[in-house]
Amino acid sequence: MTYHPKSDFMATMISRGFLADCTDYQGLDEALSKGVVPAYIGFDATASSLHVGSLIQIMMLRWLQKTGHKPITLMGGGTTKVGDPSFRADERPLLGPEQIDANIAGIKKVFASYIDYSDGPTGALMLNNAEWLDGLNYLDFLRDIGRHFSINRMLAFDSVKSRLDREQSLSFLEFNYMILQAYDFLELNRRYGCLLQMGGSDQWGNIVNGIDLTRRVLDHEIFGMTSPLLTTSDGKKMGKSQSGAVWLNADMLSPYEFWQFWRNTTDADTGRFLKLYTELPVEECDRLGALAGSEINAAKIILANEVTTLLHGAEAAQAAEATAREVFEKGGVGDDLPTLHLTATDVVGGISVVQLIVRAGLAASGKEAKRLITDNGARLNDEPLTDAGLMIDAAALARPIKLSAGKKRHALVMLS
């Protein structure tokens with residue numbers, strides 16, 4: 001990147017590694033330098049929580065506000081009814097309105113940890129695109145909006161082309177998604193003066209469509225910016241762990257498990273993740289990321305503490321670190337471990353240790369749990385677990401038991 005930005009926001013995006021592409025670097029930088037720029041990112045309500053894969057976008061909105069601009073978090077109450085086909089191999093399952101509303105309620109909880117929604121020029125807005133999409137008249141929409149879209153151009157976008165190249169079905173419903181997202185940008189510009197849409201680089205085609213539509217219909221100049229699609233240094237998609245998605249809502253993933261996910265960052269990713277997911281100065285992120293040997297573990301603890309503090313608060317981060325020390329350094333149980341609560345009914349006649357491992361989230365299936373035991377990767381109260389047929393009864397649960405998968409994943413099982 002040879003461009004030297006004037007605005008604090010653009011400088012932050014470039015120096016911290018957030019920027020993949022921009023439709024007009026100079027034009028956007030000028031707008032950011034002149035006054036408050038409202039900017040949005042859309043979040044479809046396909047689950048009741050966002051996961052770590054969305055955190056880069058949330059941090060972009062946080063930095064936008066910290067550098068004097070106005071974030072808009074757009075909930076996809078309307079677009080979720082269609083489903084974004086971008087770079088997917090199959091069609092998303094369709095959700096009903098009640099499920100979508102419940103998902104939005106769950107997702108909203110996270111944003112308050114990162115963004116200030118108070119009144120004022122830079123106070124964030126929480127909007128739902130169902131506000132303008134639900135009431136659309138199809139014939140009017142086709143005539144007024146649909147005529148601006150070229151099928152030839154839409155077929156050329158990578159997100160569509162990749163599906164067609166693999167000869168996988170792309171329904172007309174999904175094909176409409178990019179028109180609806182483009183219309184979102186038009187409506188946000190018309191209603192709220194929104195000048196910028198941000199998203200992952202898989203959203204480039206959708207963003208460009210919105211800019212083009214707004215120019216054609218309103219003759220307004222607006223901008224698009226994308227962040228890189230993150231994979232870890234070992235090629236895995238960001239946001240996944242051994243036990244599944246790394247959710248942001250505490251009721252779907254405990255603060256300890258969230259902390260542990262960051263503590264387990266590979267050495268090669270530590271410096272990059274410090275820049276993207278914390279607010280430590282860039283120079284400090286580079287210094288910590290360059291540590292070698294066992295010293296890099298201190299950097300990973302700083303990463304875990306900083307990221308967990310932003311989402312769950314400083315107390316939760318401190319409790320997670322204390323539990324980690326108790327579990328790893330002293331071989332203890334720790335107060336903050338994920339806990340599986342069983343009732344007396346659950347253990348009538350005993351319950352298999354394989355089932356406990358699965359229910360505690362340490363394995364995805366009974367087959368995987370048995371393999372873990374066979375490969376000497378499972379422990380019961382810090383002792384090797386070798387018998388896959390072991391049954392646990394109420395007497396064994398008079399005190400909580402600790403299950404471990406490998407050296408880093410642990411859970412407690414106790415009778416409620």
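Not measured: the values here are computed from a predicted model.
- Looking at residues two or more places apart in sequence or on another chain, you find a salt bridge (Lys or Arg N to Asp or Glu O under 4.0 Å) between Glu321 and Arg325.
- Two residues are said to be in side-chain contact when any heavy atoms from C-beta on lie closer than 4.5 Å; Tyr277 and Glu306 fail this criterion.
- Residues Met126 and Lys108 form a side-chain contact, since some pair of their non-hydrogen atoms from C-beta on lies under 4.5 Å apart.
- Gln203 and Gln181 share a donor-acceptor pair across their side chains, judged by distance under 3.5 Å alone.
- The two residues Phe18 and Thr12 come nearest to each other via the heavy atoms CD1-O, 4.3 Å.
- Side-chain contact between Phe185 and Asn206 is absent, with no heavy atoms from C-beta onward closer than 4.5 Å.
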query: Between Arg359 and Ile351, does a side chain to side chain contact (heavy atoms under 4.5 Å, CB included) hold up when you go through it step by step?
result: CA-CA 11 Å; Arg359 287 181 60 178; Ile351 185 169; 3.8 Å; yes

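- Between Trp259 and Tyr256, the angle of the ring planes stays under 30°, which puts this pair in the parallel group of the 30/60° scheme.
- Between Thr23 and Trp204, the closest side-chain pair of non-hydrogen atoms falls below 4.5 Å.
- Put simply, CD1 on Ile58 and CG on Leu55 are 5.5 Å apart, with the number rounded to the nearest 0.5 Å.
- Looking at Glu368 and Ser365, their side chains never bring a donor and an acceptor atom within 3.5 Å of each other.
- Lys275 pairs by the salt bridge (Lys or Arg N to Asp or Glu O under 4.0 Å) definition with Asp286, not counting sequence neighbours.
- You'll find the side chain of Trp132 stays beyond 4.5 Å of the side chain of Arg190, heavy atoms only.
- Ring centroids of Tyr117 and Phe111 are separated by 6.0 Å or more, keeping the two rings apart.
- For Tyr192 and Tyr40, the distance between ring centers is not under 6.0 angstrom.
- Remark: the Thr266 side chain and the Asp269 side chain contain an N/O donor-acceptor pair separated by less than 3.5 Å.
- Looking at Asn209, its side chain never comes within 3.5 Å of a backbone N or O of Met178 through a donor-acceptor pair.
- At a threshold of 4.5 Å between non-hydrogen side-chain atoms, the residues Leu74 and Asp184 count as touching.
- Every residue two or more places apart in sequence or in another chain was checked for a salt bridge (Lys or Arg N to Asp or Glu O under 4.0 Å) with Asp8, and none qualifies.
- Expressed to the nearest 0.5 Å, how far CE of Met13 lies from CG of Leu19 amounts to 8.5 Å.
- If you look at Phe258 and Trp247, their ring centroids are not closer than 6.0 Å.
- In this structure, Asp116 contributes its side chain and Ser118 its backbone to a donor-acceptor pair below 3.5 Å.
- A heavy-atom distance below 4.5 Å is not found between the side chains of Gln65 and Tyr114.
- Listed by first and then second residue, the salt bridge (charged side-chain N to carboxylate O under 4.0 Å, His left out) pairs involving residues 121-137 are Lys81-Asp134, Glu131-Arg191 (not counting sequence neighbours).
- With rounding to the nearest 0.5 Å, the separation of CD1 in Ile56 from CE in Met60 is 7.0 Å.
- Each of Leu196, Thr214, Leu213 was compared with Asn189 under the side chain to side chain contact (heavy atoms under 4.5 Å, CB included) criterion, and only Thr214 meets it.
- For Arg287, the salt bridge (Lys or Arg N to Asp or Glu O under 4.0 Å) partners at least two apart in sequence or on another chain are Glu284.
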field: Arg272 and Cys285: CA distance, side-chain angles, deciding distance, side chain to side chain contact (heavy atoms under 4.5 Å, CB included) verdict
entry: CA-CA 8 Å; Arg272 181 170 59 128; Cys285 297; over 6 Å; no

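- Between the side chains of Asp44 and Thr46, no donor N or O sits under 3.5 Å from an acceptor N or O.
- Atom CG of residue Leu186 and atom NE2 of residue His148 lie 9.0 Å apart, to the nearest 0.5 angstrom.
- Counting heavy atoms from C-beta outward, Ile41 and Ile72 have side chains that stay 4.5 Å or more apart.
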Listed pairs under 3.5 Å, donor-acceptor, residues 372-379 side chains, sequence neighbours left out:
unit_1: Thr374; atom_1: OG1; unit_2: Lys370; atom_2: O; d: 2.8
unit_1: Arg379; atom_1: NE; unit_2: Asp382; atom_2: O; d: 3.2
unit_1: Arg379; atom_1: NH2; unit_2: Asp382; atom_2: O; d: 2.6

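- For the atom pair Asn129 CG and Leu188 CG, the distance stands at 8.5 Å (nearest 0.5 Å).
- Within the model, atoms CD1 of Ile100 and CD1 of Ile107 stand 10.5 Å from one another, a figure rounded to the nearest 0.5 Å.
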